Amino acid sequence: LDELPAKTVQVPKVRFGRTELMMPLVTMGGMRLQQTWVPDTTPAIGIRSMSSIAKACQDNFVACIRRALSHGINHFETARFYGTSEMQYCDALATLIESGEVKREDIIVQTKVVPSSTNAEFRKALEDSWRNCARLGYIDLFSFHGVSSEKQLAWTLEADDGKGNMSVAEEWKAKGRIRFIGFSTHGMPQCIEKCIETDKFDCEWLARARSPRRSFPTPVAPPPAVPA
């Protein structure tokens, strides 16, 4: 990090979905910064407190946030599913806000929770996520994590009472804990189109394939013909 030039490049921003938020074209994801991938619900080894996080790891989290902000990158993304990432991210951001170094309204915080077959199970996961996010006051972007099949979409929109996990998220939005509701996906185009056609989501978060085995395949041009 120290070898990178500071404040030489400012990342441009564009409108994000129908949120009207101005999103930097490059954002800071938290999928690989955490101390461990082990879920905090894992008996004996799950980490549920910042007191168990190594200082060097958390200092690196804060340093990465500061460097991102210096380049105009103000969107910070994590997920309940990413081990200690959500807890560490929210603690780092909240500490910077509480110190006066960062204004809450100047950053966009996104977290994600996987859809569940019952609203009770989803609500429990959302409450666990809020335990990490509460110091931030609200979640700018809440995403249903990995809506990549018709079954997961059905859980999101139809579970239990016919209103699905979405009814719980909308309840939280009405309380001011969530500003906008979206979805992330590794699904095929047909699934993504069905999600969009529901008109229930403010934004979408698509995974771009890095190989034909991930998400939708990236077209590959045929090799040039070899002269006879």
Side-chain angles (χ1 to χ4, degrees), residues 1-11 13 21 23-114 123-146 172 176-180 182 184 205 207 210:
L1 261 175
D2 292 337
E3 296 177 1
L4 295 175
K7 296 185 178 180
T8 56
V9 175
Q10 290 297 298
V11 175
K13 295 179 171 65
L21 293 173
M23 179 71 71
L25 291 176
V26 177
T27 76
M28 183 174 156
M31 188 179 177
R32 293 284 187 264
L33 289 173
Q34 71 272 43
Q35 178 164 311
T36 178
W37 273 94
V38 177
D40 61 14
T41 53
T42 304
I45 60 173
I47 295 177
R48 298 180 64 87
S49 169
M50 285 299 299
S51 62
S52 299
I53 298 296
K55 183 178 183 300
C57 181
Q58 192 63 11
D59 287 349
N60 182 62
F61 233 113
V62 173
C64 289
I65 291 171
R66 284 176 170 145
R67 178 49 57 90
L69 288 169
S70 76
H71 292 290
I73 299 171
N74 66 335
H75 171 256
F76 303 101
E77 177 264 357
T78 184
R80 176 79 185 130
F81 184 71
Y82 295 167
T84 57
S85 171
E86 186 181 66
M87 178 176 66
Q88 290 184 250
Y89 227 145
C90 291
D91 181 85
L93 289 168
T95 298
L96 291 173
I97 292 167
E98 290 163 3
S99 71
E101 183 175 341
V102 175
K103 293 182 179 179
R104 176 63 182 89
E105 61 269 24
D106 290 341
I107 62 174
I108 302 169
V109 178
Q110 177 179 4
T111 195
K112 309 187 292 293
V113 173
V114 175
R123 186 183 295 276
K124 172 63 168 58
L126 196 55
E127 290 284 359
D128 287 341
S129 182
W130 181 250
R131 186 181 69 243
N132 294 324
C133 301
R135 283 171 65 197
L136 298 175
Y138 56 89
I139 300 165
D140 296 278
L141 299 172
F142 169 77
S143 295
F144 287 94
H145 194 177
W172 279 46
R177 288 185 173 184
I178 292 171
R179 293 183 65 196
F180 301 103
S184 70
W205 204 251
R210 289 176 292 180

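Fair warning: this is a prediction, and the values are worked out from it, not measured in the lab.
Arg131 meets the salt bridge (charged side-chain N to carboxylate O under 4.0 Å, His left out) test with Asp40, Asp128; sequence neighbours excluded. A search for salt bridge (charged side-chain N to carboxylate O under 4.0 Å, His left out) contacts involving Lys55 returns Asp59, not counting sequence neighbours. Shown here are the salt bridge (charged side-chain N to carboxylate O under 4.0 Å, His left out) partners of Arg123, two or more places apart in sequence or in another chain: Glu171. Checked against salt bridge (charged side-chain N to carboxylate O under 4.0 Å, His left out), Asp140 has the following partners two or more places apart in sequence or in another chain: Arg104, Arg179. Residues passing the side chain to side chain donor-acceptor pair (under 3.5 Å) test with Ser129 are Glu86, sequence neighbours excluded.
Taking all atoms of both residues into account, the shortest heavy-atom contact from Gly72 to Pro24 is O-CB, 3.9 Å. Counting all heavy atoms, side chain and backbone alike, Val11 lies closest to Leu25 at CG1-N, 3.5 Å. The two atoms that bring Ser184 and Gly146 nearest to each other are OG-N, 3.0 Å, heavy atoms only. For the pair Thr36 and Val38, the tightest heavy-atom approach, listed with the atom from each and the gap, is OG1-N, 3.0 Å.
The CG atom of Leu93 sits 8.5 Å away from the CZ atom of Phe61 when rounded to the nearest 0.5 Å. With rounding to the nearest 0.5 angstrom, the CZ atom of Phe76 is 6.0 Å from the CE atom of Met28. In this structure, CG on Leu33 lies 8.5 Å from CD1 on Ile65, to the nearest 0.5 angstrom. Note that the CG atom of Leu136 and the SG atom of Cys90 stand 4.5 Å from one another [nearest 0.5 Å]. In this structure, OG on Ser49 lies 6.5 Å from CE on Met87, to the nearest 0.5 angstrom. Gln110 CD to Thr27 OG1: the interatomic distance, rounded to the nearest 0.5 Å, is 8.0 Å.
Surrounding CZ of Phe81 are at most 12 heavy atoms belonging to other residues, nucleotides or ligands under 6.0 Å away.
You'll find the side chain of Met23 stays beyond 4.5 Å of the side chain of Asn74, heavy atoms only. Tyr138 places none of its side-chain heavy atoms less than 4.5 Å from the side chain of Ile178. At least one side-chain heavy atom of Ile53 sits less than 4.5 Å from a side-chain heavy atom of Thr84. Side-chain contact between Gln88 and Thr78: absent, with no pair of heavy atoms (C-beta onward) separated by less than 4.5 Å. Contact of the Val113 side chain with the His145 side chain is not registered, since no non-hydrogen atoms from C-beta on lie closer than 4.5 Å. Contact check for Glu101 versus Arg66: side-chain heavy atoms found under the 4.5 Å cut-off. Between Thr111 and Ser143 the shortest side-chain heavy-atom distance does not fall below 4.5 Å. Using a 4.5 Å heavy-atom cutoff, the side chains of Ile97 and Ile107 are in contact.
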Exercise. What's the verdict on side chain to side chain contact (heavy atoms under 4.5 Å, CB included) for Gln35 and Ile47, showing C-alpha distance, side-chain angles and the deciding distance?
Worked result: CA-CA 10 Å; Gln35 178 164 311; Ile47 295 177; 3.8 Å; yes

Problem set entry | Derivation and outcome, side chain to side chain contact (heavy atoms under 4.5 Å, CB included), residues Arg80 and Trp130 | CA-CA 10 Å; Arg80 176 79 185 130; Trp130 181 250; over 6 Å; no

For this session: Give the C-alpha distance, both sets of side-chain angles, the deciding distance and a yes or no for side chain to side chain contact (heavy atoms under 4.5 Å, CB included) between Arg135 and Asp91.
Result: CA-CA 8 Å; Arg135 283 171 65 197; Asp91 181 85; 2.8 Å; yes

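Under the 30°/60° scheme for interplanar angles, the aromatic rings of Trp205 and His75 are found to be tilted.
Judged as a salt bridge (charged side-chain N to carboxylate O under 4.0 Å, His left out), the pairs with a partner in residues 69-79 (not counting sequence neighbours) are, in order, Glu77-Lys112.
Ring pair Phe180/Phe142: centre-to-centre distance not below 6.0 Å.
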